[in-house]
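Below: one structure, written as structure tokens.
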Amino acid sequence: MPDYNFYDNVYDVVRLIPRGRVTSYGAIAAYLGNKGSSRIVGYAMMAAGTAKPPVPAHRVVNRQGLLTGKFHFGGNTMEELLAAEGIEVKDDKIQNFKQLYWDPSVELSL
DNA sequence: TCGGTGACTTGGT
DNA sequence: CACCAAGCCACCG
């Protein structure tokens, strides 16, 4: 068994997120089998900025569709990236989040 | 081995 | 609707 680091696992899932879609930290944690590790997912995302290949962390938001980690991107970078994918953001919150929501435990389990 | 840390989540006031 | 508190767990030094 490969060195299954939670971080690497998280990165893989995030890279699988289709363009124009978003998911939540908890969903990823749940997909990995560690529902309680939702915080760890966010923590991993912080390091995602230095990870290679780069991880589309801008597609990962909290349960409310709120861009909690936009500040870590450095300003409005996160919002810009989302807008570039056709995702509408207002007040650091994703509109029609319910529609754009992409659940790995559902999409990847097909 | 232990403690600090956090881009979360839920529930209560 | 807004804020506070507690539970949760992997990574790092």
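In the text below, chain A, chain B and the rest are named by the order of the sequence lines, each starting its count at 1. Model, not experiment: these values are computed from the prediction.
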Value in whole Å for how far the [atom2] atom of [N] lies from [atom1] of [X]:
| X | N | atom1 | atom2 | value |
| --- | --- | --- | --- | --- |
| A:Ile94 | B:dA7 | CD1 | P | 17 Å |
| A:Leu32 | B:dC8 | CG | P | 16 Å |
| A:Asp91 | C:dA2 | CG | C1' | 15 Å |
| A:Met46 | B:dG6 | CE | P | 8 Å |
| A:Asp8 | C:dC11 | CG | C1' | 12 Å |
| A:Tyr7 | B:dA7 | OH | P | 11 Å |
| A:Leu81 | B:dA7 | CG | C1' | 15 Å |
| A:Gln64 | C:dC3 | CD | C1' | 12 Å |

Which listed nucleotide ([options]) is nearest to the side chain of [X]?
| X | options | value |
| --- | --- | --- |
| A:Ser38 | B:dT9, C:dA10, B:dA7 | B:dT9 |
| A:Tyr43 | B:dT9, B:dA7, B:dG6 | B:dG6 |
| A:Asn5 | B:dG6, B:dA7, C:dC11 | C:dC11 |

Problem - Any residue meeting side chain to side chain contact (heavy atoms under 4.5 Å, CB included) with A:Gln95, in chain and number order, not counting sequence neighbours - result: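 Result, side chain to side chain contact (heavy atoms under 4.5 Å, CB included) vs A:Gln95: A:Glu88, A:Lys90, A:Lys93.
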Exercise for the section: Return no unless some side-chain N or O of A:Thr68 is found under 4.0 Å from OP1 or OP2 of B:dC8. Expected result: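 Yes, because at least one side-chain N or O of A:Thr68 sits under 4.0 Å from OP1 or OP2 of B:dC8.
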Practice task
Ignoring backbone atoms, establish whether A:Asn34 has a side-chain N or O less than 4.0 Å from OP1 or OP2 of C:dA10.
Solution key: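 Result: yes.
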Describe the nucleic acid contact of [X] in one word from base, sugar-phosphate, nothing, applying a heavy-atom distance below 4.0 Å.
| X | value |
| --- | --- |
| A:Ala48 | nothing |
| A:Gly69 | base |
| A:Phe71 | nothing |

Exercise for the section: Would you state whether a donor and an acceptor, one from the side chain of A:Tyr25 and one from the base of B:dA7, lie under 3.5 Å apart? Expected result: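 Such a pair is found, so the answer is yes.
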Handout entry: Presence of donor-acceptor pair under 3.5 Å, side chain of A:Arg39 and base of C:dC8
Key =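 When only heavy-atom distances are counted, A:Arg39 does reach the base of C:dC8 through a donor-acceptor pair under 3.5 Å.
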Exercise for the section: Treating Ile, Leu, Val, Met, Phe, Trp and Tyr as nodes and any side-chain heavy-atom pair under 4.5 angstrom as an edge, say whether A:Tyr43 and A:Val10 lie in one connected cluster. Expected result: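 Same hydrophobic cluster.
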Handout entry: Hydrophobic cluster identity match, A:Val89 and A:Leu66, side-chain contacts under 4.5 Å
Key =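 Different clusters: A:Val89 never reaches A:Leu66 through Ile, Leu, Val, Met, Phe, Trp or Tyr contacts under 4.5 Å.
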Handout entry: Stems where DNA chain C pairs, listed by first number, each of three or more Watson-Crick or G-U pairs under 3.5 Å
Key =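 Stems found: B:2-6 with C:9-13, B:8-13 with C:2-7.
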Handout entry: Neighbour count >12 (heavy atoms, 6.0 Å) for atom CG, A:Asn96
Key =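 Check passes, neighbour count above 12.
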Exercise for the section: May I ask you to test the A:Thr68-A:Tyr25 pair for a side-chain heavy-atom distance under 4.5 Å? Expected result: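 Counting from C-beta outward, A:Thr68 and A:Tyr25 do come under 4.5 Å.
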Exercise for the section: Go through the steps for A:Thr23 and A:Asp103 under the test side chain to side chain contact (heavy atoms under 4.5 Å, CB included), then give the verdict. Expected result: CA-CA 6 Å; A:Thr23 189; A:Asp103 189 343; 5.6 Å; no
Exercise for the section: Select from A:Ile40 and A:Val61 the residue whose nearest nucleotide in DNA chain B is closer to the 5' end of that strand. Expected result: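 Looking at the nearest nucleotide for each, A:Ile40 comes out on the 5' side.
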Practice task
Look only at the side chain of A:Arg59 and the backbone of A:Arg15, and say whether a donor-acceptor pair between them is shorter than 3.5 Å.
Solution key: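 It does not hold such a pair.
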Exercise for the section: Kindly say whether A:Ala44 contributes a backbone atom to a donor-acceptor pair with the side chain of A:Tyr11 at under 3.5 angstrom? Expected result: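 Judged by distance alone, yes, a pair lies under 3.5 Å.
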